[in-house]
Amino acid sequence: MGSWVHNSFCVARILGLLLLVGFVPNNGGASEEASCDLFTGRWVLDENYPIYNPSSCPFIEREFSCQKNGRPDHFYTQYRWQPHDCDLARFDGVDFLERFREKSIMFVGDSLSRNQWQSLTCMLHSAVPNANYNVTRVDDVSIFTFTDYGLKVMLDRNVYLVDVVREKIGRVLKLDSIVGGKLWKEIDMLIFNTWHWWNRRGPSQPWDYVEVGGRVSKDIDRMVAFEKALMTWGGWVDSNIDPAKTKVFFQGISPSHYNGSQWDEPKARSCVGQKEPLLGSTYPGGLPPALSVLKNALSKITKPVTLLDVTNLSLLRKDGHPSIYGLGGTTAMDCSHWCLCGVPDTWNEILYNFIL
């Protein structure tokens with residue numbers, strides 16, 4: 001027994017020396033890195049950001065083009081997301097383009113998907129500013145093609161994911177139907193999103209009736225409707241996605257900032273004039289209930305779907321919205337969308353880290 005203990009001690013000592021000089025991989029460190037939560041961290045100023053100059057991205061839509069619309073401060077463009085337990089790899093546009101050469105990417109969702117789609121096209125364009133590209137539109141699908149790489153980065157405007165069908169009685173939101181999913185097949189990477197339209201009422205509500213389980217009604221609880229639509233979408237993923245062909249992501253709930261009490265600034269009635277993020281890692285107002293509904297729905301999908309859990313990190317960025325420097329100017333306060341360059345660039349940087 002004494003000899004066994006002596007030999008074990010020697011082996012352990014040798015392994016320790018080898019680890020010290022780098023000959024044996026430290027699996028404990030690798031495990032810690034693999035388990036790092038990319039979504040828990042803080043915002044830090046970094047002089048190496050932003051990733052691109054907004055003036056060098058000629059196709060940013062006016063509603064996201066805050067500097068061109070007259071926003072005078074620029075610090076909001078220079079914050080980098082720093083996870084607590086690891087570092088994000090900086091976005092490498094050339095590497096991204098090579099990885100997706102002759103492939104297709106599609107964002108599916110509302111204007112927050114358009115925000116992220118525009119961000120990614122700017123990030124890629126800035127990496128290869130002399131590369132050829134073209135932008136086309138077919139019905140509700142916008143197609144940005146990097147022709148030198150054969151890469152298509154597309155946006156399908158589909159605010160509910162499930163179908164809205166015009167019938168004799170009017171426009172019907174069909175929570176059990178997802179015919180629109182035919183556009184999503186054979187895509188190499190899909191990034192879905194829906195939430196901001198679920199509480200719309202009045203003239204901006206794009207449906208007159210809602211149907212679920214064969215029953216048509218004038219309205220139902222909107223959170224229940226949101227959940228049922230997510231379950232229908234999850235069923236589509238399980239029935240149609242081949243994980244060997246397609247990576248599937250879901251953009252988390254992108255937050256708005258219209259009530260300063262939620263970030264302990266009760267005199268602020270909107271995001272206007274906000275010039276810096278919240279310090280720390282926790283949003284005083286808590287997380288929106290829709291996020292729990294989304295996470296529950298995702299947990300029931302059997303095919304792999306990665307949640308881009310951007311809610312908390314975006315909640316900390318009360319400074320990142322267009323406010324009066326968006327599409328409507330001073331007459332339409334925008335504390336829902338995000339300036340470009342800005343917060344959606346971080347969403348895409350995290351997306352890039354997931355594909356490395």
Side-chain angles (χ1 to χ4, degrees), residues 39 43 61-66 69 71 73 76-77 79 81 107 109-119 157 159-161 191-206 222-223 225-226 229-230 250-278 280-295 307-348:
F39 304 105
W43 291 97
E61 293 183 30
R62 184 182 166 194
E63 63 186 298
F64 311 138
S65 190
C66 301
N69 294 335
R71 181 166 177 170
D73 59 305
Y76 72 92
T77 70
Y79 282 96
W81 179 247
F107 292 88
D110 55 29
S111 54
L112 276 307
S113 287
R114 188 167 77 251
N115 223 170
Q116 189 176 2
W117 172 71
Q118 283 251 297
S119 163
R157 185 183 182 278
V159 300
Y160 295 114
L161 301 185
I191 306 100
F192 292 95
N193 154 60
T194 182
W195 167 242
H196 273 247
W197 282 68
W198 286 95
N199 284 315
R200 295 229 176 174
R201 302 173 191 275
S204 67
Q205 176 184 304
R222 298 304 179 87
M223 197 69 82
F226 175 59
L230 288 174
F250 200 103
Q251 180 202 92
I253 306 299
S254 176
S256 300
H257 291 91
Y258 288 101
N259 181 1
S261 296
Q262 295 184 343
W263 64 84
D264 292 340
E265 194 178 339
K267 291 184 179 180
R269 296 184 178 180
S270 69
C271 62
V272 69
Q274 298 294 328
K275 296 181 179 180
E276 58 187 23
L278 288 167
S281 304
T282 305
Y283 188 67
L287 298 170
L291 184 60
S292 296
V293 174
L294 171 60
K295 288 184 176 181
L307 174 62
L308 291 176
D309 196 0
V310 301
T311 305
N312 185 64
L313 66 88
S314 303
L315 277 167
L316 300 174
R317 291 303 307 273
K318 57 188 174 63
D319 61 316
H321 299 288
S323 67
I324 59 173
Y325 305 105
L327 187 61
T330 56
T331 62
M333 179 67 63
D334 186 352
C335 298
S336 296
H337 299 101
W338 304 93
C339 295
L340 295 180
C341 43
V343 173
D345 304 332
T346 294
W347 302 350
N348 285 319

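Being a predicted model, the structure only gives us computed values, none of them experimental. In what follows, every heavy atom counts, from backbone to side chain, and hydrogens, waters and symmetry copies are set aside.
- Residue Ser323 holds its OG atom at 10.0 Å from OH of Tyr258, rounded to the nearest 0.5 Å.
- Looking at heavy atoms from C-beta onward, Asn115 lies in side-chain contact with Phe64 at the 4.5 angstrom threshold.
- Taking the side chain as every heavy atom from C-beta outward, Asp73 and Tyr76 approach each other to under 4.5 Å.
- Two residues are said to be in side-chain contact when any heavy atoms from C-beta on lie closer than 4.5 Å; Thr311 and Phe39 fail this criterion.
- Proximity of Val310 to Trp81: side-chain heavy atoms (C-beta onward) are nowhere separated by under 4.5 Å.
- Contact detail for Gly252 and Asn193: the closest heavy-atom pair is O-OD1, 4.5 Å.
- Of all the heavy atoms in Leu340 and Gln118, the pair that sits closest is CD1-CB, 3.6 Å.
- At distances below 3.5 Å, at least one donor-acceptor pair connects side-chain atoms of Trp43 with backbone N or O atoms of Leu313.
- Among all heavy-atom pairs drawn from Phe192 and Leu161, the shortest one is CD2-CD2, 4.0 Å.
- Proximity of His337 to Ser111: side-chain heavy atoms (C-beta onward) are separated by under 4.5 Å at one or more points.
- With sequence neighbours excluded, the residues forming a ring-ring contact (aromatic ring centres under 6.0 Å, His included) with Trp263 are His257, listed by chain and number.
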Enumerate, atom names and distances included, each donor-acceptor pair closer than 3.5 Å involving a side-chain atom of residues 281-293, sequence neighbours excluded.
{"from": "Ser281", "atom 1": "OG", "to": "Gly41", "atom 2": "O", "distance (Å)": "2.6"}
{"from": "Ser281", "atom 1": "OG", "to": "His84", "atom 2": "NE2", "distance (Å)": "2.8"}

### Task
Using the side chain to side chain contact (heavy atoms under 4.5 Å, CB included) rule, take Arg222 and Arg201 through it: C-alpha gap first, then chi angles, then the decisive distance, then the call.
CA-CA 10 Å; Arg222 298 304 179 87; Arg201 302 173 191 275; 3.3 Å; yes
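- Here the straight-line distance linking atom CG of Asn348 with atom CG of Leu308 works out to 8.5 Å at 0.5 Å rounding.
- Taken to the nearest 0.5 Å, the CZ atom of Phe250 stands 12.0 Å off from the CD1 atom of Ile191.
- In this structure, Leu294 CG and Leu307 CG are separated by 5.5 Å, a value rounded to the nearest 0.5 Å.
- Using modelled atom types, one finds no donor on one side chain facing an acceptor on the other under 3.5 Å when comparing Ser113 with Trp117.
- A side-chain N or O of Ser254 and one of Trp338 form a donor-acceptor pair less than 3.5 Å apart.
- The closest side-chain heavy-atom distance from Tyr79 to Glu276 is below 4.5 Å.
- Closest of all the heavy-atom pairs between Gly320 and Arg71 is C-NH1, 4.4 Å.
- Nearest heavy-atom pair, Arg62 versus Asn69, reported as atom, atom and distance to 0.1 Å: O-ND2, 2.8 Å.
- Within the model, atoms CG of Asp309 and CD1 of Ile253 stand 9.5 Å from one another, a figure rounded to the nearest 0.5 Å.
- Atoms CH2 and CG, from Trp195 and Leu112 in turn, are 12.5 Å apart once rounded to the nearest 0.5 Å.
- With sequence neighbours left out, Ser270 forms a side chain to side chain contact (heavy atoms under 4.5 Å, CB included) with Val272, Met333, Cys335.
- Residue-environment remark: CZ (Arg200) exceeds the threshold of 12 foreign heavy atoms within 6.0 Å.
- The two residues Trp197 and Ser204 come nearest to each other via the heavy atoms CZ3-O, 3.6 Å.
- Two residues are said to be in side-chain contact when any heavy atoms from C-beta on lie closer than 4.5 Å; Arg317 and Pro277 meet this criterion.
- No side-chain heavy atom of Tyr325 sits under 4.5 Å from any side-chain heavy atom of Cys339.
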